[in-house]
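Notes follow the structure.
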Amino acid sequence: MEQRHLGRTGLRVSRIGLGTLTWGRDTGEEAAAEQLKTFWEAGGTLVDTADVYGGGEAEYLLGQLVGSLVPRRDLVIATKAGSVPDPDRRFDGSRGHLLAALDDSLDRLGTDYVDLWQVHAFDPATPLEETLQALDLAVGSGRARYAGISNFSGWQLAKAATWQLAAPGTRTRLASTQMEYSLLQRGVEREVLPAALDLGVGLLPSSPLGRGVLTGKYREGTPADSRGASQSLAAFVGPYLDEAAGRIVDAVATAAQGLAVTPLQVALAWVRDRPGVVAPIVGARTSAQLGAALSVEALSLPEEICRALDDVSAPVHRYPDQDWSTL
């Protein structure tokens, strides 16, 4: 699998990442092992998790498999901290919480360091410089090799990245930002992606298959074994089952038919090769599903297909985020 630099850093990662959102909840140890082995054998290196996935079980499962199944040196392990199970405060970006969470993550993962440590979301109740100081302390102590953020808006990303760049050699440069990005969700193109490109921050798209909808599985209804039929995930999928999304899914299916590939491959290849994207994070229920996603490695979409998909899924740009050079 092709490797790409993570932002403007020396860290290289596979251009498809393995997501572990369901590990320890819907995905047990045997299925997780099969996925990790399939991913590693395909040349994948970037494995993304978080301290809240499965209530910590995702990190624990990954820690059990690393070393015994896949050499630690062959993986780029990324985890996140900052989300908390508190209805009154969903995110805690305080230095104390983040550093304690990192120590707990390292224990569950069974490793001395993570390759990429990410702040899971912006915390408006904590001064941003305090949150960023936690990243500096983590990297300075060797517990994290690189640092990133997740779910930051455009201005939040720009403020954080600029703060870090203001003291080069002292503060840790942000390597990445993880955001939802797909043909069904192109909101990052308004401000987040332009800021990331300008500041040298690599984009790691989550839900690159539109929460599974872009595979076309929902075109004729909701399969019984799908996330859309799951009590816990139906609300997650629901927003992408409207008429507008249907037109985009139809366009993807038409392109796939013309290229003699699957809609999954078309949708994933589109987002993988967008400017600024480093590695879409793909989550799968089975190793077979993961293998289908990894088969996109050999596919590059023709320019005319990309233009057609761009047109049918184009986000609305209005004041103040429109391109003024076109007026």
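Note that the structure is a prediction, hence the values are computed from the model and not measured. Side chains included, hydrogens not; waters and symmetry mates left out as well; all remaining heavy atoms used. We count residues from 1, following the sequence as given.
For the atom pair CG (Leu203) and OG1 (Thr177), the distance works out to 6.5 Å, reported to the nearest 0.5 Å. A distance of 7.0 Å separates CG in Leu75 from CG in Leu62, rounded to the nearest 0.5 Å. To the nearest 0.5 Å, the span separating CD1 on Ile77 from CD on Glu59 amounts to 9.5 Å.
Atom CD of Gln257 is surrounded by 12 or fewer heavy atoms from other residues, nucleotides or ligands within 6.0 Å. Within a 6.0 Å radius of CG in Asp112, other residues, nucleotides and ligands contribute 12 heavy atoms or fewer. Summarising the local packing, CZ of Arg219 is surrounded by more than 12 heavy atoms from other residues, nucleotides or ligands at distances under 6.0 Å. Within a 6.0 Å sphere centred on CD of Glu29, heavy atoms belonging to other residues, nucleotides or ligands number 12 at most. Surrounding OH of Tyr60 are at most 12 heavy atoms belonging to other residues, nucleotides or ligands under 6.0 Å away. Dense packing is recorded around CD of Glu304, with more than 12 heavy atoms of other residues, nucleotides or ligands lying under 6.0 Å away.
Salt bridge status for Asp123 with Arg89: present, with a side-chain N to carboxylate O gap under 4.0 Å.
Remark: the backbone N or O of Ala121 is not paired with any side-chain donor or acceptor of Asn151 at under 3.5 angstrom. Checked by atom type and distance alone, the side chain of Gln3 pairs as donor or acceptor with a backbone atom of Ser14 at under 3.5 Å. With Ser182 contributing its side chain and Gln185 its backbone, the two residues share a donor-acceptor pair below 3.5 Å. A donor-acceptor distance shorter than 3.5 angstrom exists from the side chain of Lys80 to the backbone of Thr49, with no hydrogens or angles considered. A distance-only check finds a donor-acceptor pair linking the side chain of Gln289 to the backbone of Arg285 [under 3.5 Å]. In this structure, Ser68 contributes its side chain and Gln64 its backbone to a donor-acceptor pair below 3.5 Å. Put simply, the side chain of Thr45 never gets that close to the backbone of Val13: no donor and acceptor are under 3.5 Å apart.
Side-chain contact of Thr172 with Asp136: a donor-acceptor pair under 3.5 Å is present, judged by distance alone. Side chain to side chain, Arg72 and Thr111 meet the donor-acceptor criterion of an N or O pair below 3.5 Å. Inspection of the Gln164 and Arg173 side chains reveals no N or O donor paired with an N or O acceptor under 3.5 Å. For Thr38 and Gln35, the side-chain atoms include no donor-acceptor pair closer than 3.5 Å. Side chain to side chain, His120 and Ser150 fail the donor-acceptor criterion of an N or O pair below 3.5 Å. Side chains of Gln265 and Thr262: a donor-acceptor N/O pair is present below 3.5 angstrom, by distance only. For the 3.5 Å distance criterion, the side chains of Thr126 and Ser94 fail to qualify, holding no donor opposite an acceptor. Judged by distance alone, the side chains of Ser313 and Arg186 do bring a donor and an acceptor atom under 3.5 Å apart. Looking at Gln118 and Gln178, their side chains do bring a donor and an acceptor atom within 3.5 Å of each other.
Follow the hydrophobic side-chain contacts under 4.5 Å out from Val119 and you never reach Phe91; the two are in separate clusters. Linking Ile, Leu, Val, Met, Phe, Trp and Tyr residues whenever their side-chain heavy atoms come within less than 4.5 Å leaves Val70 and Leu46 in two separate clusters.
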Determine whether Arg145 and Val114 satisfy the following criterion, side-chain contact (heavy atoms from CB on, under 4.5 Å), listing intermediate values before the conclusion. CA-CA 6 Å; Arg145 296 292 192 254; Val114 291; over 6 Å; no
Decide side-chain contact (heavy atoms from CB on, under 4.5 Å) for Asp273 and Leu301; before the verdict, give the C-alpha distance in whole Å, the side-chain angles of both, and the deciding distance to 0.1 Å. CA-CA 9 Å; Asp273 295 332; Leu301 297 180; over 6 Å; no
Verdict with reasoning, Asp48 to Leu18, per side-chain contact (heavy atoms from CB on, under 4.5 Å): CA-CA 6 Å; Asp48 180 75; Leu18 174 61; over 6 Å; no
For Asp310 and Arg274: C-alpha separation, side-chain torsions, deciding distance, then whether salt bridge (charged side-chain N to carboxylate O under 4.0 Å, His left out) applies. CA-CA 11 Å; Asp310 289 350; Arg274 297 293 288 176; 3.1 Å; yes
Might you work through the salt bridge (charged side-chain N to carboxylate O under 4.0 Å, His left out) test for Arg15 and Glu297, ending with a clear yes or no? CA-CA 9 Å; Arg15 63 176 181 168; Glu297 180 65 20; 3.2 Å; yes
How far apart are the C-alpha atoms of Trp117 and Leu98, what are their side-chain angles, what is the distance that settles it, and do they pass the side-chain contact (heavy atoms from CB on, under 4.5 Å) test? CA-CA 10 Å; Trp117 190 44; Leu98 291 176; 3.8 Å; yes
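Taking the side chain as every heavy atom from C-beta outward, Leu135 and Leu174 approach each other to under 4.5 Å. For the pair Ser153/Glu191, no side-chain contact is recorded, criterion being any heavy-atom separation below 4.5 Å from C-beta on. At a threshold of 4.5 Å between non-hydrogen side-chain atoms, the residues Leu294 and Met1 count as touching.
For the pair Arg143 and Tyr113, the cation-pi criterion (under 6.0 Å, within 45° of the ring axis) is not fulfilled.
Scanning both residues, Ser176 and Leu116, for their nearest heavy atoms gives OG-CD2, 3.5 Å. Residue Arg272 comes nearest to Leu299 through the heavy atom pair NH2-O, 2.6 Å, listed as atom of the first residue, atom of the second, then distance.
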